[in-house]
Structures are given as structure tokens and as C-alpha cells.
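One structure is given below, encoded as C-alpha cells.
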Protein chains: 2
Amino acid sequence: MTVVRSPARAPSPRRRAILDAAAGLFAARGFHGTPIEEIGAAVGISGPALYRHFPGKEALLAEMLLDVSERLRAAGDERVTRAAGPQEALDALIRGQIDFALDHPALITVHDRELGNVPEPSRRQVRRLQRLYVEEWVTVLAELYPGAPPPRLRAATHAVFGLLNSTPHSAGELPREAMAVLLHGMARAALATMVNQD
Amino acid sequence: MTVVRSPARAPSPRRRAILDAAAGLFAARGFHGTPIEEIGAAVGISGPALYRHFPGKEALLAEMLLDVSERLRAAGDERVTRAAGPQEALDALIRGQIDFALDHPALITVHDRELGNVPEPSRRQVRRLQRLYVEEWVTVLAELYPGAPPPRLRAATHAVFGLLNSTPHSAGELPREAMAVLLHGMARAALATMVNQD
DNA sequence: TGCCGATGTTAGTCATCATTAACGAATTCG
DNA sequence: CGAATTCGTTAATGATGACTAACATCGGCA
């Protein structure tokens with residue numbers, strides 16, 4: 001018998017293609033609104049062929065969200081340790097989130113929309129990774145703005161995620177780099193209000 | 001000619017209850033993930049009884065989103081005209097959006113998640129109302145920050161919506177008024193970057 | 001009193017899926 | 001050469017779920 005199920009063992013191009021196509025479709029029509037048939041069609045195979053690559057539709061979603069959460073967390077982790085000081089770390093986190101959101105708007109959308117459809121073993125894992133990522137931000141912010149209570153910093157972090165992840169909604173309003181600069185400035189300014197204690 | 005379908009003719013309490021329950025369920029499980037049976041159960045009636053109040057599931061969603069869009073737009077409109085100057089108008093818009101998001105997190109969630117499931121006559125209408133609301137913000141911002149090109153203002157507006165609508169994600173982090181104050185400050189600060197021309 | 005509209009109920013009906021079966025071709029490698 | 005593994009294909013199969021039918025109940029009210 002084979003191993004239980006190693007998530008990202010041999011990333012065959014077919015698997016990749018399926019995950020990419022599914023991300024777009026889930027973002028556009030939602031998990032329940034997307035028949036497995038269409039996912040197959042999007043990569044040139046038809047319907048049940050997906051089961052040669054994933055144990056099921058939910059497992060596909062689970063792998064997708066685990067991958068996103070892990071990539072975000074890992075990237076954040078690396079950027080923070082690479083940074084010289086807290087301000088630099090914060091800028092790196094912001095820039096990282098912006099790049100990801102601009103590069104993969106569909107993944108961002110699915111990530112905060114479909115967690116409820118991930119089956120339970122994986123759901124907890126995704127949540128854990130999300131929490132770690134948030135705490136990464138909170139830690140940096142706490143260094144930068146000591147005196148601000150952590151719940152406040154957590155709420156502010158979520159708010160900034162909302163701001164940065166707005167990208168899928170304002171698609172095409174501005175060229176990419178202009179959008180990146182705009183969002184970066186807004187995020188920085190929004191977080192700078194953490195200095196006030198009121 | 002009459003209007004397409006007078007949305008809120010006689011708001012019977014039953015109708016209200018159904019819309020409220022459906023909002024919560026759609027936010028939690030998604031439109032396609034919520035059987036009509038559960039909506040009924042949530043208000044004490046069972047399943048197909050809904051058809052005594054709405055022509056169908058999609059129509060229910062349509063009415064819900066039309067109502068939200070209309071309320072947001074109308075409230076914004078009124079607040080702006082009531083305000084003395086642009087800064088005051090902006091603060092009123094921000095405060096209005098925050099109050100709505102804090103009072104009706106489910107509606108906020110459904111509003112930007114399920115538009116794709118609204119059938120076509122209504123979808124256009126919802127989009128129109130959303131656009132009007134955004135333009136309301138853009139107009140105020142243009143007065144406050146002349147020199148900033150409208151696309152930039154539009155993108156910034158969407159970003160601030162993302163920030164303010166983050167409330168459902170950070171539920172319970174802070175007491176309500178603290179959250180309102182926090183978000184207001186962040187939104188203001190984020191928009192203040194519109195003065196820079198870079 | 002006796003009809004009626006409003007509001008429910010429970011049993012179909014019909015589609016739409018996810019998932020599985022049964023079966024083929026191609027590639028690997030013994 | 002052949003068996004086995006891989007990756008597809010097209011028919012079931014079975015649930016689920018929206019919507020419709022047929023049938024109560026009940027509060028007016030002519």
C-alpha cells in the first residue's frame with residue numbers, strides 16, 4: 001500500500017493545472033457552484049478524470065487552501081527574519097501580501113471565502129497557519145508600537161488584510177505597480193494610527 | 001410603466017424573519033450551501049413554505065442584496081447632503097459604513113460574496129447601486145483631495161471598503177465602540193495618503 | 001353560516017451533481 | 001514480447017435539493 005497521502009509530493013503539471021483552474025472557478029462561482037465537470041473541462045480532461053489526481057472535490061479545496069496558507073506564512077516568516085528592524089519587517093510583510101494578492105487574486109478570494117467547506121482534519125490546519133501568519137504581523141507591530149494592546153493590533157491586522165485583499169474588487173482600476181504603491185502607502189498610514197492610545 | 005418589482009411592499013414580519021435568517025445562513029454556508037429547508041427551519045416553518053413569501057431562492061437573494069445596496073446608497077446620500085463640508089461628509093460616510101458593518105456583518109458578507117448568484121435583471125440593478133455608492137465616496141474625496149486622479153480615488157475607496165468590512169473577520173477582538181473608533185481612524189489615515197501625488 | 005385568501009404541511013417530481021464501475025490505450029520495464 | 005501501472009473515457013448509482021401538487025387550517029366577512 002502507498003503512503004497515506006502526501007499532499008504536495010510530485011507536483012505533476014496536470015495536478016498544478018487542475019489546482020489553478022479550480023482556483024479561478026471557485027473564485028468566480030464558489031465551491032458549491034462549480035461542478036467537477038467544469039474543472040475537468042478547464043484543463044482539457046472530462047469530469048471524473050479528476051479522481052486520478054485527487055481523492056475528491058473537498059480534498060482538492062483542502063490542498064489548495066493549505067498551500068496558500070503555508071505559502072503566506074512561510075513567505076512572511078522569511079521576510080521578517082531577513083529584515084533589519086521592525087519597520088523594515090513591516091514593510092516587507094505589507095509588500096509580500098500585496099504581491100501575493102496581485103499575483104493570485106483568485107487564491108486570495110477562495111482563501112477567505114471557502115474555509116467553511118474544507119473538511120475537518122485540514123480546516124484546523126489552515127486556521128493554525130492563518131493564526132501564525134497573523135501573529136507574525138502582531139509581533140512586528142508590537143515592537144513598532146509598544147503600548148498598543150495586542151487585541152487592538154490583531155484587529156488592525158485583520159483590517160489591513162481587508163484593505164490589501166481588496167485588490168480582486170478593484171481589478172483594473174490602476175496599473176499594477178501604481179496599485180501596489182497606493183496600497184502600501186494606505187496600509188502604512190492606517191497602521192501608523194497605532195501610535196495613538198485613545 | 002411600473003417599476004420592475006416593488007421590493008419592500010408590505011414587510012410582513014414573516015418575510016423579515018426569513019430574510020434575516022437567510023442572511024445569516026448564506027453568510028455562514030454560502031448560497032449554494034444552504035438548503036431552502038434550513039432557511040425555513042430557522043424561522044419555524046418547514047421547507048417549501050418559503051414559496052408563500054418568495055417566488056424562489058434566487059429571488060430571495062436578489063431582494064436581500066437589492067435592499068442592502070439601496071440602504072447603503074441611500075444612507076450615504078443623506079449623510080453627504082446633511083454634511084457641512086467635504087471632511088465632514090467623508091467622516092459621515094465612514095461612520096455610516098462602520099455602523100452598518102458592525103450592525104449587519106452577515107449582510108456585508110453576503111453582499112460581496114454572492115452577487116454572482118443574483119439572477120440577471122436584479123444583478124445589474126445591484127451593480128448600479130453599488131457604483132452610485134462608490135461614486136458618492138469618490139465625489140467627496142475629489143473635493144477633499146483635488147489633484148488625485150479619479151481612478152486612484154476609486155481604488156482607494158474599494159480598499160477602504162475592504163478595511164471597514166473586515167469586521168466580520170475580526171469579530172469579538174474588541175468591544176464595539178473601540179472597534180468603530182479604531183476603524184474610523186485607520187480609514188481616515190489611509191485616505192489621507194491621497195494628498196501625495198507620487 | 002359558509003366561502004375565501006393567506007399560510008402551512010407533506011408527498012411527489014426532476015435536475016444536478018459527486019462519486020464509482022468497467023473498460024481502453026499507452027508507457028514502463030521484466 | 002507481455003504484464004502492470006498511469007491516466008483517460010463513458011455509463012451507472014445515489015444523494016441532495018429546488019420546486020410543484022394536493023390537501024389542511026383558520027381568521028375574516030358578505
Side-chain angles (χ1 to χ4, degrees), chain A residues 1-3 5-6 8-26 28-65 110 114 116-123, chain B residues 5-6 8-26 28-65 110 114 116-122:
Chain A
M1 64 158 170
T2 61
V3 185
R5 187 175 304 291
S6 38
R9 240 40 252 280
S12 89
R14 199 25 77 83
R15 260 178 95 80
R16 243 297 114 56
I18 293 173
L19 284 167
D20 286 356
L25 290 168
F26 289 168
R29 310 240 254 276
F31 179 73
H32 287 300
T34 309
I36 221 153
E37 159 81 33
E38 288 196 32
I39 304 175
V43 299
I45 68 186
S46 229
L50 289 188
Y51 289 84
R52 298 295 175 195
H53 303 274
F54 298 91
K57 201 188 177 191
E58 287 188 336
L60 194 164
L61 178 68
E63 183 166 328
M64 187 167 119
L65 292 204
V110 176
E114 306 290 3
N117 292 311
V118 174
E120 201 27 286
S122 309
R123 176 153 19 154
Chain B
R5 177 187 298 288
S6 40
R9 240 37 253 278
S12 90
R14 200 24 76 82
R15 262 178 92 81
R16 245 294 115 54
I18 293 173
L19 284 167
D20 286 356
L25 290 168
F26 289 168
R29 310 240 255 278
F31 179 73
H32 287 301
T34 309
I36 221 154
E37 159 80 32
E38 287 195 32
I39 303 174
V43 299
I45 66 186
S46 230
L50 289 188
Y51 290 85
R52 298 296 175 192
H53 303 274
F54 298 91
K57 201 187 175 191
E58 287 188 335
L60 195 163
L61 178 68
E63 182 166 329
M64 187 165 118
L65 292 203
V110 176
E114 306 291 3
N117 292 311
V118 174
E120 199 28 284
S122 309

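Reminder, nothing fancy here: chain letters follow the sequence lines and each chain counts from 1.
The distance from atom CG of B:L19 to atom CD of B:E63, rounded to the nearest 0.5 Å, is 5.5 Å. Of the inter-residue distances, the one linking B:I18 atom CD1 with B:I36 atom CD1 reads 9.5 Å to the nearest 0.5 angstrom.
Contact between B:A42 and B:L25 at its shortest, heavy atoms only, is CB-CD1, 4.2 Å. Contact record, A:M64 with A:V110: CE-CG1, 3.1 Å, taken as the closest heavy-atom pair.
Residue pairs meeting the salt bridge (charged side-chain N to carboxylate O under 4.0 Å, His left out) criterion with at least one partner in residues 16-26 of chain A, sequence neighbours excluded, are absent. Screening residues 37-54 of chain A for salt bridge (charged side-chain N to carboxylate O under 4.0 Å, His left out) gives A:R29-A:E38 as the qualifying pairs, with residues at least two apart or on separate chains.
Taking B:A28 as the reference, nothing meets the side-chain contact (heavy atoms from CB on, under 4.5 Å) condition, with sequence neighbours excluded. Here B:A41 pairs with nothing under the side-chain contact (heavy atoms from CB on, under 4.5 Å) rule; sequence neighbours left out. Contacts of A:A49 classified as side-chain contact (heavy atoms from CB on, under 4.5 Å), with partners at least two apart in sequence or in another chain: A:I45.
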N/O contacts under 3.5 Å, protein versus nucleotides 18-28 of chain D?
from	atom 1	to	atom 2	distance (Å)
D:dA18	OP1	B:T34	O	3.4
D:dA18	OP1	B:K57	NZ	2.8
D:dA18	OP2	B:I36	N	2.8
D:dC19	OP2	B:Y51	OH	2.7
D:dC19	OP2	B:K57	N	3.1
D:dC19	O5'	B:Y51	OH	3.1

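Of the residues in residues 17-25 of chain A, none has a non-hydrogen atom less than 4.0 angstrom from any atom of DNA chain D.
Using a 4.0 Å cutoff to heavy atoms of chain B, the contacted part of DNA chain C runs 5' to 3' from C:dT7 to C:dA11.
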Which donor-acceptor pairs under 3.5 Å do side chains of residues 55-62 of chain A form with protein atoms, sequence neighbours excluded?
from	atom 1	to	atom 2	distance (Å)
A:K57	NZ	A:F31	O	2.9
A:K57	NZ	A:T34	O	2.9

